[in-house]
Amino acid sequence: MKSLVIAEKPSVGRDIARVLGCSKGGNGFLEGKDYVVTWALGHLVELSDPESYGEQWKTWKMETLPMLPEKLEIQVIPKTGKQYQTVKTQMYRKDVNTIIIATDAGREGELVARWIIQKAGVRKPMKRLWISSVTDRAIRQGFEHLKDAKEYEKLYQAAAARAEADWLVGLNATRALTVKHNAQLSCGRVQTPTLAMIAKREAQIKAFQPKSYYSLKIRGNGISWIWKSKDNSMQTFSEQTIRQVLEKVTNSTAAVQDIKKKLHKSYAPQLYDLTSLQQDANRMFGFSAKQTLDYMQRLYEHHKAVTYPRTDSRYLTQDIVETLPERIRACRCGSYGPLCARLLKTPIKGNKSFIDDKKVSDHHAIIPTEQGVNLRDLEYGERKIYELAVSRFLAVLLPPCEYEQTEITVSCEGELFTARGKIIRQAGWQEIRQIQKESGILSDENADESSDDPDQEAASGAELQDHLPEFTKGQRILFETGKITEGKTKPPLPFTEAALLAAMENPVKYMENSSQSLKKTLGETGGLGTVATRADIIEKLFNSFMIEKRDKYIHLTSKGRQVLELAPQGLTSPELTAKWEQQLADIAKGKARKKDFEAEIRTYTVDIVKDIQASSKTYRHDNLTRKKCPECGKLMLEVNHKNGRMLVCQDRECGYRKTLSRITNARCPQCHKKMELSGEGENQRFTCICGYREKLSAFEKRKKESGGGVSKKDVSKYMNKMKKEADEPLNNAFASAFAKLKL
């Protein structure tokens, strides 16, 4: 008899099949002596559409809401139905007596497999493969230690409860809003609080009142001295005070009052989880959260170069320590080769700064695998992300950076001044930064933009000077002329994708009236959404035109702002997610029942639909143009998409749209920023915010003559890609809101 292995994706399935010796090819499966390996394509089964429950929900009407089927059914996803039938056929084979679930080790992966098995109606013994990487070694070890699938039954119940709750609340709220206001509006427990966080940040910026502050820097004995107030602040809001100080100390003699020397240690940042990696990739390379996740998936599935990417842990387990030397050997390609060779000459040990079994849930932090990769096989984005993961992995294996910091305090006419210097005694993990700069992995612009660099000395206000001369207490110093500098307090910056990811991960400060237990739960469960879904949520908000990007910053659109006004109040706060996650965690641990949670969700669904129905608020299209839709004749809306501008029909049932312009990768020859391409045919033209304009034909000619850049074939390929995206049907309210319920 044989065991059937169900993987989540074809690439992982083929890797498992190779390790298990399954080489006989089938249509959608591979077979060997003891195993048959097949795979899903992500989800093959989903919760059924409302329309499948009967005529009453085939049309969107307020009187048929709320939609509360007695039991939520599941259905085969039509476009992947062929592969579902393949998997089902293998499950019913008479020579198969055991099913091994080998989907991704996590809540969503459990749901992928269980729904397929449930829909097929098969009843055979089940085992669970639980691994964090798909290297040959990890697969072999995983099959040597298969778990009983019953151990994960509660995890499956929690996953199903989450999906069903999102269906009930999200689809009912979305349908009610859309019908009430005859506009394509959507809301959900993750996307709407995310909008609310952006709105709160914009309100803080709008309400901010800048204040002038002043500081004083004066030269003496060849170095700069910074004025320090009695409360140790190096700034004052009083211009009169700072001018009086300057007048008093100019050409006066100061005396050294205090000399402090202290040895400091700066430790490497923690290993990456997905969110922190997405943040750094956005800051340093401008990659969106979705791009970074896509690159990581390729590195994980295709190149086998990194461990499971969708993790929320920044620690490793003790059993990984023995594999560290092999992983270092795998990183020897590229700029880190000499460093890796040096590390391998000494014993490789783990320590509590990055080894802690208690801080690892489903998956450990992202690190390189033992398999390694040829950098030439990687695309630009894949290589950048791989190098980030490698750099952080090597950094934690290096000793801390040790430096001696000296602070000299002098007194002059009753005023205190300070100077600070720093001498590196041991570079330690900071050697990674130097390698990155020398190899071009980091530029001067992004070298200091790591999301969690603990060594931020400049934050105290006094600049660190590379070298200070030796001083003795009581030594006299002649102050020369000084300089007053004026600055203004700055408002918080608008969200970038990196900053928004951080806010979604830790949204506690946006929960104004919630209990401490709920705030603690949100912190423990990873905030809004999961590491696997946050990128999709942000993309969804862009694609539904509720947010837009100006330069690198995210802003609410009028539509997004109005959705916040129209949505039920409970859906605009992270509190709902906190409550749900608390209950889902209890279900997964066996402390609560799924049916009790569902009963509560159904009651809540009724309440939010009633709120929307009773609302007297209205929705207004304030981006209406005078251009008529060629399909239905109604006036079109002009919207700012993440990558440009487009016209969209205001009728949600029509769904027509037309691209007006696209932000391209072509750089302006004057200011080097990305240019916008607009127009059609021979009238296509590049424009830049600096005012530069150039026809597409002239651009192609210039690039050809320069011998580099973009060929006509490249431009044509790019334009076809843009056209394909533009021709894709605009998501209807159901799909736009939930994208197959991956909230």
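Numbering of residues begins at 1 and proceeds along the displayed sequence. What you see below is based on every heavy atom in this structure, not just the backbone, and it leaves out hydrogens, waters and symmetry mates.
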Would you give the length of the straight line joining atom OG of Ser48 to atom CD1 of Ile74, rounded to the nearest 0.5 angstrom? 7.5 Å
Measuring from atom CD of Gln83 to atom CH2 of Trp39, what distance do you get when rounded to the nearest 0.5 angstrom? 7.0 Å
Determine, stepwise, if the pair Thr194 / Ile537 fulfils side-chain contact (heavy atoms from CB on, under 4.5 Å). CA-CA 9 Å; Thr194 301; Ile537 293 296; 4.3 Å; yes
Closest approach of Gly32 to Lys2 (non-hydrogen atoms, all atoms of both residues): O-NZ, 3.0 Å
Check this for me: does any side-chain nitrogen of one of Lys304 and Asp15 sit under 4.0 Å from a carboxylate oxygen of the other? yes
Between the main-chain N or O of Gly28 and the side-chain N or O of Thr38, is there a donor-acceptor pair closer than 3.5 Å? yes
Decide side-chain contact (heavy atoms from CB on, under 4.5 Å) for Lys384 and Tyr295; before the verdict, give the C-alpha distance in whole Å, the side-chain angles of both, and the deciding distance to 0.1 Å. CA-CA 9 Å; Lys384 289 294 186 186; Tyr295 292 141; over 6 Å; no
Strictly distance-based, threshold 3.5 Å: is any side-chain N or O of Arg175 a donor or acceptor partner for the main-chain N or O of Trp57? yes
Going by heavy atoms in the side chains, are Arg392 and Leu277 under 4.5 Å from each other? no
Side chains of Val122 and Ile117 in contact at under 4.5 Å (non-hydrogen atoms): yes
Counting only heavy atoms not in Lys147, do more than 12 fall under 6.0 Å of its NZ? no
Distance in Å, Thr307 OG1 paired with Arg327 CZ, rounded so as to fall on 0.5 Å steps: 7.0 Å
Ion pair Arg383/Glu387, N-O distance below 4.0 Å: yes
Which heavy atom of Gly188 sits nearest a heavy atom of Pro193, and at what distance? O-CD, 3.5 Å
Chi angles and distances behind the side-chain contact (heavy atoms from CB on, under 4.5 Å) call for Asp377, Glu382: CA-CA 9 Å; Asp377 294 337; Glu382 293 170 348; over 6 Å; no
What distance do Leu541 atom CG and Thr192 atom OG1 have between them, rounded to the nearest 0.5 Å? 8.0 Å
Check Gly42 against Ala40 and note the closest heavy-atom contact, atom names and distance. O-CB, 3.1 Å
So, Thr64 side chain and Trp60 main chain: donor-acceptor pair closer than 3.5 Å or not? no
Using every non-hydrogen atom in the two residues, find where Ala161 and Leu584 come nearest and quote the distance to one decimal. CB-CD2, 3.7 Å
Would a distance-only check, ignoring hydrogens and angles, find a side-chain to backbone donor-acceptor pair under 3.5 Å from Asp357 to Gln318? yes
Where the side chain of Glu326 meets the backbone of Thr323, is there a donor-acceptor pair that is under 3.5 Å apart? no
Would a distance-only check, ignoring hydrogens and angles, find a side-chain to backbone donor-acceptor pair under 3.5 Å from Asn172 to Leu168? yes
To the nearest 0.5 angstrom, please state how far the NZ atom of Lys9 sits from the OG1 atom of Thr103. 12.0 Å
Given 3.5 Å as the limit, does a donor-acceptor pair link the side chain of Ser288 with the main chain of Gln291, or not? yes
Can you find a pair of side-chain heavy atoms, one from Leu20 and one from Asp34, that are under 4.5 Å apart? no
Please tell me whether Gln371 and His303 have a donor and an acceptor in their side chains that are separated by less than 3.5 angstrom. no
So, Tyr53 side chain and Glu73 main chain: donor-acceptor pair closer than 3.5 Å or not? yes
Any donor-acceptor pair under 3.5 Å linking the side-chain atoms of Tyr156 with those of Arg114? no
Is any side-chain heavy atom of Phe143 closer than 4.5 Å to one of Val5? yes
Atom NZ in Lys591, atom CD in Gln582: separation rounded to 0.5 Å? 11.0 Å
If you define the side chain from C-beta out and look only at heavy atoms, does anything of Tyr300 sit under 4.5 Å from Thr369? no
Pairing of Lys579 and Glu600 as salt bridge, 4.0 angstrom limit: no
State which residues pass salt bridge (Lys or Arg N to Asp or Glu O under 4.0 Å) with Asp273; sequence neighbours excluded, sorted by chain then number. none
Can any side-chain N or O of Arg128 pair as donor or acceptor with the backbone N or O of Asp148 at less than 3.5 Å? no
Please find the pair of heavy atoms, one from Leu274 and one from Arg310, that lie closest to each other, and give the distance. CD2-CA, 4.2 Å
Does any non-hydrogen side-chain atom of Tyr35 lie less than 4.5 Å from one of Ile16? no
Applying side-chain contact (heavy atoms from CB on, under 4.5 Å), run through Leu4 and Arg93 and close with a yes or a no. CA-CA 9 Å; Leu4 175 68; Arg93 282 174 50 159; over 6 Å; no
Salt bridge present between Asp136 and Arg18 (N-O < 4.0 angstrom): yes
Under 4.0 Å between a side-chain nitrogen and a carboxylate oxygen: does that hold for Lys290 and Glu539? no
Please tell me whether Arg593 and Gln157 have a donor and an acceptor in their side chains that are separated by less than 3.5 angstrom. no
Check whether any side-chain heavy atom of Leu47 sits under 4.5 Å from a side-chain heavy atom of Trp115, and report yes or no. yes
Please check: side-chain N/O of Arg534 versus main-chain N/O of Leu528, any donor-acceptor pairing under 3.5 Å? yes
If you measure from the Lys or Arg side-chain nitrogens to the Asp or Glu carboxylate oxygens, is any gap between Glu153 and Lys594 under 4.0 Å? no
Report yes if the side chains of Leu571 and Val169 come closer than 4.5 Å at any heavy-atom pair, otherwise no. yes
Considering residues, nucleotides and ligands other than Lys24, do more than 12 of their heavy atoms fall under 6.0 Å from its NZ? no
What pair of heavy atoms forms the shortest contact from Phe597 to Ala165, and how long is it? CE2-CB, 3.9 Å
Give a yes or no on whether Asn27 atom CG has more than 12 heavy-atom contacts from other residues, nucleotides or ligands under 6.0 Å away. no
Begin with the C-alpha distance, continue with both residues' side-chain angles, and end with the deciding distance and a verdict on salt bridge (Lys or Arg N to Asp or Glu O under 4.0 Å) for Glu598 and Lys595. CA-CA 5 Å; Glu598 184 177 299; Lys595 69 176 185 178; over 6 Å; no
So does Asp166 pair up with Arg162, basic N to acidic O under 4.0 Å? yes
